[in-house]
Novice: 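Quick one: the structure is below, questions incoming.
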There are 2 protein chains.
Amino acid sequence: MIKQAEISGWRQARRRSARDAIVEAAWALAREEGLAGLSLRELARQAGISPPTVYAYFDSKNAIYDAMFGAAATQFADRMAEPYQCEDPSELLVAAAMRFAEFCTSDLERYQLLFQRCVPGFEPSPQSYAPALRALAGARDVLALNGITDTRHVNLWTALITGLVSQQVANDPHGDRWTGLIEESVAMFLTHCQRAEGRRPVPAALPPEGALS
Amino acid sequence: MIKQAEISGWRQARRRSARDAIVEAAWALAREEGLAGLSLRELARQAGISPPTVYAYFDSKNAIYDAMFGAAATQFADRMAEPYQCEDPSELLVAAAMRFAEFCTSDLERYQLLFQRCVPGFEPSPQSYAPALRALAGARDVLALNGITDTRHVNLWTALITGLVSQQVANDPHGDRWTGLIEESVAMFLTHCQRAEGRRPVPAALPPEGALS
DNA sequence: GTCTATATCCAGATAGAC
DNA sequence: GTCTATCTGGATATAGAC
């Protein structure tokens, strides 16, 4: 015999997978037409449903953007958290920066939504943003492994790496005019910060994950 | 007696000033409603004309964006070219970076149009873009004064400074969490590049202004 | 939940008189 | 050059039958 709770579970799973299918179609469409050109009519057409049906799953267009953001942020956090082959802290920092750059340049629309924030009235909800905070915490950990804990230096790190990537994406989307500078940039950064922070030893335990931003 | 050429000159001047007035109104509106929210109806209303009259001066909405871009790019080049109070090359570099940051953070919409490029179907025409190239050439000159001529280092410079500014604008628009790092960043950059380029003496004559990009 | 049909609104752009 | 009036087409979102 089938219990009520199980039926409810099925329903929820079905509903979630239908939502996922719509989000998937939305991403496919956004990659073709650009993020701003996402229309609910086209989205419904590609997803094989009628336009009003979209509203059975999402309250508004921005709710769709939010789900797209959440999916992208999860991909981001997962990708950055995958194991690294190297062990030397400075190599780890280079590898993380390169992975970040590769993640960004491999899907420009995703990069735009996640990091550029140029969809008119849209801002991600805290839930959708949460995975991105995970990834940022990971970056802090890698910096800490290199003896870098000063907030100023963490900020400098984000500026340096996002600066390289944004120049790359904007001015040479399929080349490596800026991403090819990552290794040198990291060396410059490490030399500067480790000198400034007095080549502190790596702390035995990683710092707690408070105050991310 | 009035010559035909003078009348024609008047006409052109009148036309240009009418165009300028529309562009001015467009900027005022964009600062209120956001760049993407610029509508021709509202623009006409604020400029004191009817919507179709806009088309007597601009072929399309993108032509208006282009004129807005041109005006902003001119402001940018002019501001960056104003005389500096300091003479030491490294101080000059810091001053230029700070001036750039101040220019960007003092008008976020202008920054968005000039450097973020997130208006859907719009790309600036070469004419409108030209002043920005002038400013970039100026940056190269200041770098050259510091003995930095390697293209890689010029690219690193643009990435570093735009990275600081873009983080500032995106995450702390009215504070100085990243712009406050400019002085330290420039020191880091100079130490690195001058070491790498072997503390070359400043060339007697500035390099020619070819191959900007 | 899904559909057809439609409401409502606003955009950019044009026609043609004056 | 400027206007009134309008075209054309797009958008998000809703009503109500099934």
Side-chain angles (χ1 to χ4, degrees), chain A residues 4 6-26 29-30 32-69 113 118-123 125, chain B residues 4 7-27 29-30 32-69 113 118-123 125:
Chain A
Q4 193 62 34
E6 285 177 17
I7 292 179
S8 167
W10 289 351
R11 285 242 169 99
Q12 282 185 14
R14 271 182 67 90
R15 183 177 171 82
R16 196 163 43 234
S17 81
R19 270 181 67 105
D20 289 351
I22 293 175
V23 171
E24 198 49 49
L29 194 57
E32 285 175 20
E33 313 267 328
L35 268 178
L38 189 76
S39 93
L40 295 191
R41 286 165 151 73
E42 261 303 297
L43 170 56
R45 210 183 57 79
Q46 288 226 4
I49 58 179
S50 69
T53 302
V54 175
Y55 286 90
Y57 295 95
F58 298 94
D59 287 341
S60 70
K61 189 180 184 180
N62 274 353
I64 298 175
Y65 278 126
D66 199 53
M68 294 170 73
F69 188 100
L113 183 63
C118 61
V119 175
F122 167 67
E123 277 194 68
S125 65
Chain B
Q4 192 62 33
I7 293 177
S8 166
W10 288 352
R11 286 242 168 99
Q12 282 184 16
R14 272 183 67 90
R15 182 176 172 81
R16 196 163 44 235
S17 81
R19 271 181 66 106
D20 289 351
I22 293 175
V23 171
E24 199 49 49
W27 267 119
L29 194 56
E32 284 174 21
E33 313 267 326
L35 267 178
L38 188 75
S39 92
L40 295 190
R41 287 166 151 73
E42 260 304 297
L43 170 56
R45 211 182 57 79
Q46 288 227 3
I49 58 180
S50 69
T53 303
V54 175
Y55 286 90
Y57 295 95
F58 297 95
D59 287 341
S60 70
K61 190 179 183 179
N62 273 353
I64 298 173
Y65 279 126
D66 199 54
M68 293 169 74
F69 187 100
L113 183 62
C118 62
V119 175
F122 167 68
E123 278 194 68
S125 64

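Only this structure's heavy atoms are used, side chains among them; waters, hydrogens and symmetry mates stay out. Below, chain A is the first sequence line, B the second, and so on; all start at residue 1.
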Novice: Specify the closest pair of heavy atoms between B:Ala44 and B:Val54, including all atoms of both residues, with the distance to one decimal.
Specialist: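 What the structure gives for the nearest pair is CB-CG2, 4.0 Å.
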
Novice: Take the protein atom CG of B:Leu43 and the nucleotide atom P of C:dC10, then report the distance between them rounded to whole Å.
Specialist: 17 Å

Novice: For A:Glu32, enumerate each residue passing the side chain to side chain contact (heavy atoms under 4.5 Å, CB included) test, keeping only those at least two apart in sequence or located in another chain.
Specialist: A:Leu29, A:Gln46

Novice: About how many Å separate CH2 of B:Trp27 and CG of B:Leu43, when rounded to the nearest 0.5 Å?
Specialist: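 Spacing of CG (B:Leu43) from CH2 (B:Trp27) equals 12.5 Å.
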
Novice: Describe the nucleic acid contact of A:Arg14 in one word from base, sugar-phosphate, nothing, applying a heavy-atom distance below 4.0 Å.
Specialist: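 No contact.
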
Novice: Residues in side chain to side chain donor-acceptor pair (under 3.5 Å) with B:Ser50, at least two apart?
Specialist: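 With neighbours one apart ignored, the set is B:Thr53.
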
Novice: Anything under 3.5 Å between a donor and an acceptor, one on a side chain of residues 56-63 of chain A, the other on a protein residue two or more places apart or in another chain? List them.
Specialist:
| from | atom 1 | to | atom 2 | distance (Å) |
| --- | --- | --- | --- | --- |
| A:Ser60 | OG | A:Asn62 | N | 3.3 |
| A:Ser60 | OG | A:Ala63 | N | 3.3 |
| A:Lys61 | NZ | A:Leu38 | O | 2.6 |
| A:Asn62 | ND2 | A:Gly121 | O | 3.4 |

Novice: Restricting to non-hydrogen atoms, name the atom on A:Ile22 and the atom on A:Ile49 that form the minimum distance, rounded to 0.1 Å.
Specialist: CD1-CD1, 4.0 Å

Novice: Quick one, which residues of residues 33-42 of chain B touch DNA chain C with a heavy atom under 4.0 Å?
Specialist: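 Output list: B:Leu38, B:Ser39, B:Leu40, B:Arg41.
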
Novice: What residues form a salt bridge (charged side-chain N to carboxylate O under 4.0 Å, His left out) with A:Glu42, not counting sequence neighbours?
Specialist: A:Arg45

Novice: What integer distance in Å separates B:Ile22:CD1 from C:dG12:P?
Specialist: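 Distance check: B:Ile22 CD1 to C:dG12 P gives 14 Å.
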
Novice: Among residues 44-63 of chain A, which ones have heavy-atom contacts with DNA chain C below 4.0 Å?
Specialist: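 Output list: A:Ile49, A:Ser50, A:Pro52, A:Thr53, A:Tyr57.
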
Novice: In whole angstrom, give the distance that lies between atom CD of B:Gln12 and atom C1' of D:dG1.
Specialist: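 My rounded result for the distance is 16 Å.
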
Novice: Could you give the distance from CZ (A:Arg19) to CD (A:Glu24), rounded to the nearest 0.5 Å?
Specialist: 14.0 Å

Novice: Considering only nitrogen or oxygen atoms on both sides, find all protein atoms under 3.5 Å from nucleotides 16-18 of chain D and state each distance.
Specialist:
none

Novice: Please report, rounded to the nearest Å, how far the P atom of C:dG1 is from the CH2 atom of A:Trp10.
Specialist: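 So the CH2-P distance, A:Trp10 to C:dG1, works out to 15 Å.
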
Novice: ring-ring contact (aromatic ring centres under 6.0 Å, His included) with A:Phe122: which residues, sequence neighbours excluded?
Specialist: A:Tyr65

Novice: What is the distance from CD1 of B:Ile64 to P of C:dA13, rounded to the nearest Å?
Specialist: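 In whole Å, C:dA13 P lies 8 Å from B:Ile64 CD1.
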
Novice: For B:Phe69, which residues count as a ring-ring contact (aromatic ring centres under 6.0 Å, His included) partner, sequence neighbours excluded?
Specialist: none

